[in-house]
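For reference, the structure discussed in these notes is given below.
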2 protein chains.
Amino acid sequence: MTTSPRTRRDGTETRALARRTALRLFTEQGYEATSLRQIADELGINKASLYYYFDSKEAILQSLFDERGTEAEQLLTWLREQPRAPELLEAAVLRWVDSCTAEKLQGIRFMTANPLVARTLTGRPGGDRIVAGLTHFADELAALLPDPSPQNVMLLRMAVLSINAAVSAAPPTGIGDDDVIAAARRAARAVLAEIRGGGPIEPPPRSP
Amino acid sequence: MTTSPRTRRDGTETRALARRTALRLFTEQGYEATSLRQIADELGINKASLYYYFDSKEAILQSLFDERGTEAEQLLTWLREQPRAPELLEAAVLRWVDSCTAEKLQGIRFMTANPLVARTLTGRPGGDRIVAGLTHFADELAALLPDPSPQNVMLLRMAVLSINAAVSAAPPTGIGDDDVIAAARRAARAVLAEIRGGGPIEPPPRSP
DNA sequence: GTCTATACGGTGATAGAC
DNA sequence: GTCTATCACCGTATAGAC
């Protein structure tokens, strides 16, 4: 081995810092519009030094996807072991929405800013696991719909992606992460209610 | 003049075709990932010939924004001459949603695929009039909210942008434009109801 | 209007010294 | 680990013949 414990530790720290920097720049400017030179400059290192930590620019992207790629899959695993019930629909959607912490929001922001970039990694291991995982998640939930009309399937997908919609709708500044997440939750519930009721009118609860 | 009527007519047709081709490629692959060579190839002309119709790649982008930039402004103009009333909120949002024809959807798809590209044109005349116009629209509507809390402002913005959310949520194929628009409308109404009621439960209609 | 040829810069990436 | 130097390539854009 050529790496001592000390250099190894410094290395992984720099690598982690590079990932965070890349994530920020990719989110602000887009993946294609961000050059390796720019990332290196912000890190205070030379452009070529980045290649010590990553094999290519695409490898940086890949590592960002890998970091957060398992979440959607875990959600899917959880869903498949739940007993089928009408309440599962709302429970599952809200489980996903509520799992979104303020830290996870930056991942959503990155994906929202680069909606097409996932296709760059298609075919490779761990490519677009987030997108694919959420898609499968929504598709599996669609089987629970009493009326799986195209519109209702669409509304279900919109409920699942309410966090993304909230991030897209949020102005660049002035609204805190908490309110973004809370708004996403309320929107998801409202859309789910629309699917159930076919309209805003809910039958009043009846006690026997 | 160096252009005869005949060449002039052919020219504007080619220009229009180039715009449509660019719009499609920008939507499929992204603005930065699409090269002028690619656009020229699909048109069956040389790369350099594009510069007869457009001064630069950015000029192509600009022309696409100009084509659909006035709609949000017209909406804003309409809003400002409406009498203030509680029903104006939902009426205004639905006016925007319902104005979305199947043809207009491709504009939304382009913007959804290139969320950051509007900033490329900021400062220039007619830059991001769509985004800015819709933002102003939502902000003006926010003044009509009984409770303009950050969450409610967020929800209002999400209702206005429900078309964008629907486009983002729609799978690449399998769902028609009509269902996408219809789902957006239902989602917008559901979110507006959530703002009004603060919850999915609506009081049942009471006849005196 | 369309072409060929070319200029120019920036990009991702590699080799090798230290 | 970080650097300098260098590479091939592709991007936009221009000049000028036809």
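Quick note on labels: first sequence line is chain A, next is B, and so on, each numbered from 1.
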Legend entry - Footprint string (nucleotides 12-18 of chain D, 5' to 3'): B base within contact, S backbone only, - free, heavy atoms under 4.0 Å: BBB----
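For the pair A/L61 CG and C/dA13 P, the interatomic distance rounds to 12 Å; values are reported in whole Å. Summarising the geometry, the separation between CG on A/L43 and C1' on D/dC3 is reported as 15 Å, rounded to the nearest angstrom. Taking atom CD1 of B/I45 as the reference point, atom C1' of C/dT4 lies 15 Å away to the nearest angstrom. Protein atom CZ of A/F54 is 14 Å distant from nucleotide atom P of C/dG12, rounded to whole Å. Across the protein-nucleic acid pair, B/D41 atom CG and C/dC3 atom C1' stand 14 Å apart, rounded to whole Å.
At the phosphate of D/dC3, neither OP1 nor OP2 sits under 4.0 Å from any side-chain N or O atom of A/Y52.
Rounding to the nearest 0.5 Å gives a distance of 8.5 Å between SG of B/C100 and CG of B/N164. For the atom pair CD of B/E194 and CG of B/N152, the computed distance is 8.0 Å after rounding to the nearest 0.5 Å.
With sequence neighbours excluded, no residue forms a ring pair (Phe, Tyr, Trp, His ring centres under 6.0 Å) with B/Y51.
The shortest distance between side-chain heavy atoms of B/V97 and B/V160 does not fall below 4.5 Å.
Among the nucleotides C/dC3, C/dT2, D/dT2, the one closest to the side chain of B/N46 is C/dC3.
Closest of all the heavy-atom pairs between B/A183 and A/Q151 is CB-O, 4.2 Å.
Within the structure, salt bridge (charged side-chain N to carboxylate O under 4.0 Å, His left out) contacts touching residues 28-42 of chain A (residues at least two apart or in different chains) are A/R24-A/E28, A/R24-A/E42, A/R37-A/D41.
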